[in-house]
Amino acid sequence: MLRLDGERKSAQQAKDAAAAQMNQISKSIGMLMAKGEREKAEEAKAQTGALKAQIAEFDAKMSEAEEAQTKLLLTIPNVPYDIVPEGAAAEDNLVVKSNVPHHGGDTVGTWVGEVNNDEAKLPHWELAKKYNLIDFDLGVKISGAGFPVYIGQGARLQRALINFFLAEANKAGYTEIMPPTVVNAASGYGTGQLPDKEGQMYHCEVDDLYLIPTAEVPVTNIYRDVIIDEKELPIKNCAYTECFRREAGSYGKDVRGLNRLHEFSKIEIVRIDTPEHSDASHKEMLEHVEGLLQKLELPYRILRLSGGDMSFTAALCYDFEVYSEAQHRWLEVSSTSNFDTYQANRLKCRYRRAEDKKVVLCHTLNGSALALPRIVAALLENNQCEEGIRIPKALQPFFGDDMIR
RNA sequence: GGAAAGAUGGCAGAGUGGUCUAUUGCGUCGGUCUUGAAAACCGAAGUACGGAAACGUACCGGGGGUUCGAAUCCCUCUCUUUCCGCCA
């Protein structure tokens, strides 16, 4: 990287010097012509040939080094913050907090249920059938595996959750955005899905457009090639969109039911902030997400991801997981990350610092608040009782009932 | 699908081969005036890369070409707008 950078710089210096000379000669020709001194002008013209060749040569060197540099840069992941746990995989993630005792981290005392001890509980795919909420086979018929059809109370539960999450985000000061769900390649590169995750996105080849895997892509790309006034920061946006993921290569028992889908609904919160304030912003986002899980009365834990388990683009990432009582395992429902300047650098998303009017890279952050399917899975499984499925109090006004029957 | 026009600095909008590192207006910032504000007047102000700095180079949608010299001429691509057709 450093070698390429050096090559680029020295090529530019050589090119700039030659170009400066060339510009001067051209200018003098113009002046001579104006004065009518044709012969002197012709003399000057004769000098330009060699210079021109030089410029072309140095220019080629420069763009060659620049291209190689850009290419290399695109393959380098973000640099994790110091507090990120070392490690290569999910086992190295650190549980920082949970409302379920004995699951690591600080226990917060809101969860009063008992987990992992009731063999009679049905998994959500059986509950979905029992109460006619979701038809997975119908989805296969219409689209394929991983495209469930929500029906009746199932569909209403989806709508209730979307509205609940948006209402909470609005309350927390996020501006609601309804972006396109299909984006161009430039947007994919801007937020870092391209080239890293090319194979995970649905691609419409005829138009060279991508189906978004998350609202992060269109909502963050609003700020591509933009210089923001510092007084506008932090920018707080939220968006509900459908999300599309090919999930190539991930098949097996973990994908049963709602656990892993090709299309799902998600409410995303996105922030653009200054480097000084991004950490505080991140904490606010974590509190917001945690608050949602508390209002939904779900058992949850919060993990600080290890370097190896973080996405390519994140500098610091926390996952939120809810406990699924019939599957006896934790399900990831949110990733809330600070990307530092990593995305901003690709997006060319900068702000003008009030203090000295300098143009500086922003920090970008985003988090799911929240993704629906696994929330639905946990709600169904954890709240099943003889009469049906209990709807948490906070959700009842949105669902219009206290129970799925 | 057919036809036409267009792409210039935060925005609007001039500029058809040589002080264009781009006229002008609006907006922005600083100042004068004012008790304060408005108005008026004066002034400042793009981005990127290189350089300690002075300064240099590049950038008028992208790419290529002609020329000593291109916002301006030629080729090509992309996108946008308008009209017609079709449609929600």
Side-chain angles (χ1 to χ4, degrees), chain A residues 1-74 76 178-190 194-195 203-210 217-218 221-233 235 242 272 274-275 341-362:
Chain A
M1 196 66 223
L2 289 173
R3 183 179 58 77
L4 285 170
D5 199 47
E7 282 175 19
R8 196 197 90 241
K9 283 184 190 176
S10 59
Q12 181 177 343
Q13 277 163 12
K15 188 211 121 185
D16 282 359
Q21 226 180 326
M22 186 71 158
N23 286 343
Q24 221 161 22
I25 293 173
S26 292
K27 206 177 231 176
S28 74
I29 292 174
M31 274 150 68
L32 290 170
M33 298 286 268
K35 274 192 253 170
E37 301 186 47
R38 291 200 139 258
E39 278 178 30
K40 280 191 179 170
E42 289 304 320
E43 260 173 56
K45 274 192 200 181
Q47 306 172 25
T48 59
L51 264 179
K52 217 174 163 181
Q54 264 183 36
I55 293 171
E57 187 194 327
F58 292 133
D59 198 44
K61 259 190 201 165
M62 188 172 112
S63 28
E64 198 183 312
E66 212 164 4
E67 252 172 64
Q69 211 178 355
T70 309
K71 214 166 152 190
L72 191 57
L73 269 172
L74 285 173
I76 300 173
M178 194 178 257
T181 44
V182 173
V183 298
N184 56 31
S187 295
Y189 280 98
L194 293 174
H203 184 211
C204 311
E205 275 188 35
V206 190
D207 299 296
D208 194 23
L209 293 169
Y210 295 84
V217 180
N221 270 281
I222 292 172
Y223 305 97
R224 169 152 51 86
D225 289 320
V226 166
I227 298 174
I228 305 164
D229 247 12
E230 180 167 357
K231 59 174 185 276
E232 311 279 330
L233 300 175
I235 287 167
E242 289 299 291
I272 315 286
T274 62
T341 58
Y342 190 85
Q343 289 183 330
N345 205 8
R346 296 175 178 214
L347 290 160
K348 294 197 179 65
C349 171
R350 296 151 297 170
Y351 73 100
R352 193 174 301 280
R353 214 191 285 157
E355 188 190 346
D356 56 4
K357 310 262 189 243
K358 280 254 161 57
V359 175
V360 185
L361 284 174
C362 295

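Since the model is a prediction, treat every value here as computed from it, not as a measurement. A note on names: the letters A, B, ... follow the listed sequences, proteins ahead of strands, and every chain is numbered from 1.
In this structure B:rC20 sits in no base pair that meets the Watson-Crick or G-U test at under 3.5 Å. Nucleotide B:rC49 is matched to B:rG56 when pairs are restricted to Watson-Crick or G-U wobble geometry with both distances under 3.5 angstrom. Checking B:rA70 for Watson-Crick or G-U wobble geometry (two distances, each under 3.5 Å) identifies no partner in any strand. Remark: B:rG1 base-pairs with B:rC84. Criterion, Watson-Crick or G-U wobble with two distances under 3.5 Å. The base-pairing partner of B:rU35, taking Watson-Crick or G-U wobble contacts with both distances under 3.5 Å, does not exist among the strands shown. Judged by Watson-Crick or G-U wobble contacts below 3.5 Å, the nucleotide B:rC26 has B:rG10 as its partner. When Watson-Crick and G-U wobble pairs are counted only if both distances are under 3.5 Å, B:rG61 pairs with B:rC77.
Annotation: B:rU24 and B:rG15 have their C1' atoms spaced 11 Å apart (nearest Å). Here, B:rA39 and B:rG31 have their C1' atoms 16 Å apart, quoted to the whole Å. Of the C1' atoms belonging to B:rG56 and B:rA5, the separation is 40 Å, rounded to the nearest Å. As rounded to the nearest Å, B:rC55 and B:rA71 have P atoms that lie 23 Å from one another. The same atom, C1', is picked in B:rG36 and in B:rA53; the two are 43 Å apart, to the nearest Å. Distance check on atom C1': B:rG85 versus B:rG13 gives 34 Å, rounded to whole Å. Across B:rA38 and B:rU32, the matching P atoms stand 13 Å from one another, rounded to whole Å. Atom C1' of B:rU23 sits at a distance of 12 Å from the matching atom of B:rU8, rounded to the whole Å.
Under the side-chain hydrogen bond (donor to acceptor under 3.5 Å, both in side chains) criterion, A:Asp207 pairs with no residue, sequence neighbours left out. By the salt bridge (charged side-chain N to carboxylate O under 4.0 Å, His left out) test, A:Glu66 is found to be paired with no residue, residues two or more places apart in sequence or in another chain being considered.
Separating the CD atom of A:Gln13 from the P atom of B:rA48 is a distance of 19 Å, rounded to the nearest angstrom. In this structure, A:Ile228 atom CD1 and B:rG46 atom P are separated by 20 Å, rounded to whole Å. What separates CZ of A:Arg352 from P of B:rA45 is a distance of 13 Å, to the nearest Å. Separating the NZ atom of A:Lys27 from the C1' atom of B:rC20 is a distance of 10 Å, rounded to the nearest angstrom. A:Gln69 places its CD atom 11 Å from the C1' atom of B:rC49, with the value rounded to the nearest Å. Atom CD of A:Gln54 is separated from atom C1' of B:rC68 by 16 Å (rounded to the nearest Å). In this structure, A:Glu7 atom CD and B:rG50 atom C1' are separated by 16 Å, rounded to whole Å. As a whole-Å value, the separation of A:Asn184 CG from B:rG61 C1' is 14 Å.
A:Asn221 is not listed as a side-chain neighbour of A:Val183, based on a closest heavy-atom distance of 4.5 Å or more. Within the 4.5 Å cutoff, no side-chain heavy atoms of A:Tyr210 are placed close to those of A:Val217. Side-chain contact between A:Asp208 and A:Asn184: absent, with no pair of heavy atoms (C-beta onward) separated by less than 4.5 Å.
Closest of all the heavy-atom pairs between A:Asp5 and A:Gln69 is OD1-NE2, 2.9 Å. Here the closest non-hydrogen pair linking A:Ala18 and A:Ile55 is CB-CG1, 3.6 Å.
The side chain of A:Ile29 sits closest to B:rG18 out of B:rU47, B:rG18, B:rG51. Ranking B:rG50, B:rG18, B:rU47 by closeness to the A:Arg8 side chain, first place goes to B:rG50. Comparing atom distances between the A:Ser26 side chain and each of B:rC68, B:rU47, B:rC49 picks out B:rC68 as nearest.
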Which letter, B, S or -, goes with each nucleotide of nucleotides 53-59 of chain B from 5' to 3', with contact meaning a protein heavy atom under 4.0 Å? ---BSS-
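Taking a 6.0 Å sphere around CD of A:Glu230, one finds it holds more than 12 heavy atoms contributed by other residues, nucleotides or ligands.
When each of A:Met62 and A:Ile25 is assigned the nucleotide of RNA chain B with its nearest heavy atom, A:Met62 is the one assigned upstream, toward the 5' end.
Within the 4.0 Å cut-off from OP1 or OP2 of B:rU47, not a single side-chain nitrogen or oxygen of A:Lys348 is found.
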Pair A:Glu7, A:Arg3 - check salt bridge (charged side-chain N to carboxylate O under 4.0 Å, His left out), show working. CA-CA 6 Å; A:Glu7 282 175 19; A:Arg3 183 179 58 77; 2.7 Å; yes
